[in-house]
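Data first, discussion second: the structure below is written as structure tokens.
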Protein chains: 2
Amino acid sequence: MNRSDCMENPHLLVYQEVKHENLLRKISIFKHLSHKSLQVIEKRIQTFELKKGDQIISEDEVARGVYFVHSGAVKLTKEDENGNEIIVCVKQKGDAFAEACLFTQKTERYPATATMLQEGKIIFLDKLELEQDLYANPELAMQMISYMSDALREMTSQLRDVALLDVYAKTVKTLERLGNKFNTGQNRWNIEIPLTVQEFATVVGTTRESVSRVFSKLKKESIIDLKSRKIVILDWCGLCTLLNREY
Amino acid sequence: MNRSDCMENPHLLVYQEVKHENLLRKISIFKHLSHKSLQVIEKRIQTFELKKGDQIISEDEVARGVYFVHSGAVKLTKEDENGNEIIVCVKQKGDAFAEACLFTQKTERYPATATMLQEGKIIFLDKLELEQDLYANPELAMQMISYMSDALREMTSQLRDVALLDVYAKTVKTLERLGNKFNTGQNRWNIEIPLTVQEFATVVGTTRESVSRVFSKLKKESIIDLKSRKIVILDWCGLCTLLNREY
DNA sequence: GTAAAATTGTGATGCTCCGCACATCTTTAT
DNA sequence: ATAAAGATGTGCGGAGCATCACAATTTTAC
């Protein structure tokens, strides 16, 4: 995505003027940064107000920079040669994505395609500029390494689940993982995951029909429900019980 | 792994004295570091001479530090609750592993279990000490972020392959991926991958029998061969042809 | 060098899950 | 409000792959 795209596309509104510090404070890697360091970065960011379904970047584009989710939710997908899709990660407010393009070659492409799951505000930071900031600011570099560590860990666990578990177990585990991610408040009921059954299936790495069958069972047990293109976890305890059960 | 382990285990020889600069120069993230910066790190490293099959770390251990492969090869595995194993990554000389424990909580465990595939020398660096070095040395932090970027990218691609492709395609792709990793020289023939069929199957995320059936076909076409617990790629061009073929 | 242990090859069998079909329900557009 | 588009539920058949079994081969140990 770049400036010219925004000109062509009417709902890509650029707010270059609105650069409040508290905008960046919402992003996990900037949260504990000093006021001074943050000011430098503030001048460089671009923010975009995007709607559900809008594509932010594509995996065949040359990587220009790193993105941050200020609000809303984003799915990261990859395709194989037959056009089959998998959601490799779901990003929530505070998260970063396309961070894997840092300090790589100039011609390197984005690691995945990113699309809005819910409308929200996305922050963009140029690759080279962020690299400078990371270089100049050990505190920031530390936060970035910490964030990438977590991403690597999560990815490793997901790989294990996708490879080893059957559809039922993968579905329940994915519900638990995403439930944790989207559990905004402190209460543990009515957690909303902004995915359709169709999309959820591509996170799990299976078909829509298979997930639908598992969901039917879970709905009978009143553990989940579907409401307006979202998955709602009604009974968190019930879900966790399933996880610890032997099959 | 710690000092007391080494006392108990006779083949864990500690070479605390041997700390040549060229030892660290073999590791990709230290390769371009200044002589001065390297000297600081040299004093902190511990090196271990390990045999094939030796376990270096386990995923249920609390993470103490980061490891580097000076020579030999290492597999990183994860288990599910039923004891099924998947190799999430294979590390080659120059690589780092357990880097995902950097800047995480003190009680955090290692992301995976690491075991020697081939005998070789492993370098250990304490988590807190490396964190200090990263903080003090932007050049090093940059290299670390770059290395983690690559790891994230590779993991994303592997996740896509495991989730979407059938056994035949996954096997061929994995051969190509590991072939590239273990292609030491410049020539493109007789590339040796230090894995048994059994182990290879757990990289692909399938059974030994399924891989064996695919390998039978590839052996008939003289693309690969098995020699002394290793997989040898005889015909790189032939292998790449298979990759681009439509199924 | 020989026996034991480990690894590999391959057939037969059955189970899981994919893919299709189509009905039903929900959301969006006009 | 009504039609169109999209998402979901579920039965059925078949493909792919795991699992079991056991023979053949290779590697390791003494």
Side-chain angles (χ1 to χ4, degrees), chain A residues 11 51-54 75 80 82-87 115 117-119 161-172 174 192-221 224-232 247, chain B residues 11 51-54 75 80 82-87 115 117-119 161-172 174 192-221 224-232 247:
Chain A
H11 50 239
K51 293 237 176 68
K52 184 175 174 177
D54 287 348
K75 65 171 177 179
D80 72 358
N82 310 319
N84 300 313
E85 191 181 88
I86 181 176
I87 298 183
T115 311
L117 284 172
Q118 284 182 315
E119 60 165 7
D161 294 347
V162 168
L164 297 178
L165 303 179
D166 62 19
V167 170
Y168 183 84
K170 277 195 277 189
T171 302
V172 174
T174 307
E192 294 193 348
I193 302 171
L195 292 170
T196 62
V197 174
Q198 214 145 193
E199 287 168 325
F200 190 90
T202 70
V203 181
V204 176
T206 185
T207 58
R208 173 188 76 75
E209 293 93 328
S210 295
V211 169
S212 182
R213 277 178 250 268
V214 177
F215 274 14
S216 289
K217 287 183 202 164
L218 299 180
K219 279 192 281 188
K220 256 187 210 121
E221 300 180 64
I224 63 161
D225 199 11
L226 300 182
K227 256 183 219 155
S228 59
R229 289 161 176 268
K230 280 198 280 284
I231 300 158
V232 186
Y247 306 108
Chain B
H11 48 239
K51 294 236 178 67
K52 184 177 172 175
D54 287 348
K75 65 171 176 180
D80 71 358
N82 310 319
N84 300 313
E85 191 180 86
I86 182 176
I87 297 183
T115 312
L117 284 173
Q118 284 182 315
E119 60 166 6
D161 293 347
V162 167
L164 297 177
L165 302 179
D166 63 19
V167 168
Y168 184 84
K170 276 195 278 191
T171 303
V172 174
T174 306
E192 295 192 348
I193 301 171
L195 293 170
T196 63
V197 175
Q198 216 144 192
E199 288 169 324
F200 189 90
T202 71
V203 181
V204 176
T206 184
T207 59
R208 171 187 78 74
E209 292 94 330
S210 294
V211 169
S212 181
R213 279 178 248 268
V214 176
F215 275 14
S216 289
K217 287 183 202 165
L218 299 179
K219 279 192 281 189
K220 257 187 208 121
E221 301 180 63
I224 64 161
D225 199 12
L226 301 181
K227 257 183 217 154
S228 58
R229 290 162 173 267
K230 279 197 281 282
I231 300 158
V232 186
Y247 306 108

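Letters A, B, ... are given to chains in the order of the sequence lines, protein chains preceding strands, and every chain is numbered from 1.
Taking NZ of B:Lys170 as the reference point, atom CG of B:Leu165 lies at 7.5 Å (rounded to 0.5 Å). Rounded to the nearest 0.5 Å, atoms CD1 (A:Ile86) and CG (B:Leu164) are 5.5 Å apart. Within the model, atoms CD of A:Glu119 and NZ of A:Lys52 stand 10.0 Å from one another, a figure rounded to the nearest 0.5 Å. A distance of 4.5 Å separates CG in A:Asp80 from CG in A:Asn82, rounded to the nearest 0.5 Å.
Tested against A:Val211, the residues A:Val203, A:Val197, A:Thr202 include a single side chain to side chain contact (heavy atoms under 4.5 Å, CB included) partner, A:Val197.
Qualifying side-chain contact (heavy atoms from CB on, under 4.5 Å) partners for A:Lys75, counting only residues two or more places apart in sequence or in other chains: A:Thr77, A:Glu85, A:Ile87, A:Thr115, A:Leu117, A:Glu199. Qualifying side-chain contact (heavy atoms from CB on, under 4.5 Å) partners for B:Lys220, counting only residues two or more places apart in sequence or in other chains: none.
The side chain to side chain donor-acceptor pair (under 3.5 Å) analysis of residues 203-213 of chain B, with sequence neighbours excluded, yields the pairs B:Thr207-B:Ser210.
For the pair A:Glu192 and A:Gln118, the minimum side-chain heavy-atom distance is 4.5 Å or more. In this structure, the side chains of B:Ile231 and B:Leu226 come closer than 4.5 Å at one or more pairs of heavy atoms.
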- Message: Does the protein touch nucleotides 5-17 of chain D at the base, only the backbone, or not at all? Give it as B, S and - per nucleotide, heavy atoms under 4.0 Å.
- Response: -SSBBBBB----S
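Taking the C1' atoms of five terminal pairs at each end of the helix from C:dG1-D:dC30 to C:dT30-D:dA1, the two resulting helix axes are inclined by 60°, rounded to 10°.
Contacts between chain B and DNA chain C, taken as any atom within less than 4.0 angstrom of a protein heavy atom, begin and end at C:dA6 to C:dA12.
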